Amino acid sequence: MRMPRVNGGMQSTFAPMEKRISALKDNDHTSGMIFDVQRFGIHDGPGIRTIVFLKQCPLSCWWCHNPEGIFHSRDLMYFEYRCTKCNLCIDICPEKAITPTPKGVAVDRDICNKCSKCSEICPTDALVGVGREITVEELMEIVERDLLLYDRSGGGVTFSGGEPLAQPVFLKKSLEECKAREIQTAIETSGYAPRRLFDAISKEVDIFLYDLKLIDDNEHRKYCGSSNVNILCNLKTLILEGRGKDLIIRFPFIPGITDSESNISALIKLLPSLKGVKEIDLLPYHDASEKYARLGLEYKMNVHTAPSELILKTTKERLEKIGFFVKIGG
Ligand code: SF4
Ligand code: SF4
């Protein structure tokens, strides 16, 4: 069976995002596709936060640890250890995409239409549908449960993903509704979006958790599927607008890819130009191969171990030396 490549065949262009720019003015479409909402988060911005994970991402980073956030559509995850071989899913699948195996079942992803009938009938959650549509109103109902916690901790709501900018209409309306309730907002973003769209959204955002992965454009194209020119341009625009103080740079520390001396040196060269930025978070790689297998996706990384504490500490010290507050982890 073919293992779908992450974003395989997907054009990493702005075309789908461009189409939505005009829709930004029309907030009738107020539902979005998410794959999780986590309350009481402490790693994705200041204080205690609700983290909203939006589906869909235009990039295809080899190490992405949220592969269930790559596609806009609902995904199907299979947890073999939970399967009791009851075969209910086999009988209900309209596409005959599920077959028995000695250890459970196998899903043919080429013919699965992601209808979720199997996950709805599976008694043990061995098959789980990932992703659901939610309206802004429904989201606000969840977000409002922790108003007191946000106030007391200096927290708020973080929109993550996937790439939250890939659903700009839903994101903008959600940000506006948070603002109306005086809830602090953050987005966890690659910054990969058309300039006009980025500008329209950024005005509604209090804090940016902005990923910088690879400074060399060719490397970025190779490992993330697209050029970084627009990412750096959106970042510089934020700096020119005096938003540096609202930015936390996030650097995924990926062995053999982002941790090269040339990439770290290029980052150290770039950072002083980001006026107002004070904090950099080093995000150590962790192996996500199991998640990819459960989704039936190809995992391109051949490194499965986390970076050594020594190299993280050395990089932290180098960044501190040029005046930044550095955290290891989010
Ligand atoms: S999601 Fe639908 S088509 Fe896919 S395996 Fe399950 S029942 Fe079959
Ligand atoms: S319905 Fe669930 S438990 Fe039963 S065979 Fe299918 S995956 Fe396994």
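All values reported here derive from a predicted model rather than from experimental measurement.
The CZ atom of Arg152 sits 10.5 Å away from atom CD1 of Ile48, with the distance rounded to the nearest 0.5 Å.
Side chains of Tyr192 and Ser226: a donor-acceptor N/O pair is present below 3.5 angstrom, by distance only. For the residue pair Ser262/Ser260, the side-chain donor-acceptor check at 3.5 Å is satisfied. The closest side-chain donor-acceptor pair between Thr50 and Gln38, if any, does not fall under 3.5 angstrom. In this model, a donor atom of one side chain and an acceptor atom of the other lie less than 3.5 Å apart for Glu95 and Asn113.
In terms of the ring-ring contact (aromatic ring centres under 6.0 Å, His included) criterion, residue partners of Tyr223 (sequence neighbours excluded) are, by chain and number, Trp62. His286 pairs by the ring-ring contact (aromatic ring centres under 6.0 Å, His included) definition with His65, not counting sequence neighbours. Glu80 meets the salt bridge (charged side-chain N to carboxylate O under 4.0 Å, His left out) test with no other residue; sequence neighbours excluded. Here Phe53 pairs with Phe35 under the ring-ring contact (aromatic ring centres under 6.0 Å, His included) rule; sequence neighbours left out.
Under the 4.5 Å side-chain criterion, counting only non-hydrogen atoms from C-beta, Arg145 is in contact with Arg39.
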Intermediate values then yes/no, side chain to side chain donor-acceptor pair (under 3.5 Å), Glu261 and Ser265: CA-CA 6 Å; Glu261 180 50 37; Ser265 299; 2.6 Å; yes
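Between the side chain of Asn234 and the backbone N or O of Ala193 there is at least one donor-acceptor pair closer than 3.5 Å.
For Arg82 and Phe79, the positive end sits near the middle of the six-membered ring, less than 6.0 Å away and at most 45° from its axis.
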Taking only distance into account, with no hydrogens and no angle test, what donor-acceptor pairs under 3.5 Å do side-chain atoms of residues 304-316 form with protein atoms, sequence neighbours excluded?
residue: His304; atom: ND1; partner: Asp287; partner atom: OD1; Å: 2.9
residue: Ser308; atom: OG; partner: Ile311; partner atom: N; Å: 3.1
residue: Lys313; atom: NZ; partner: Glu317; partner atom: OE2; Å: 3.3
residue: Thr314; atom: OG1; partner: Leu310; partner atom: O; Å: 2.7
residue: Thr315; atom: OG1; partner: Ile311; partner atom: O; Å: 2.8
residue: Lys316; atom: NZ; partner: Glu320; partner atom: OE2; Å: 2.8

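Salt-bridge annotation for Asp246 and Arg243: present, with a side-chain N of the basic residue lying under 4.0 Å from a carboxylate O of the acidic one.
Grouped with Leu88 in one hydrophobic cluster are Ile92, Ile121, the linkage being side-chain heavy-atom contacts under 4.5 Å among Ile, Leu, Val, Met, Phe, Trp and Tyr residues.
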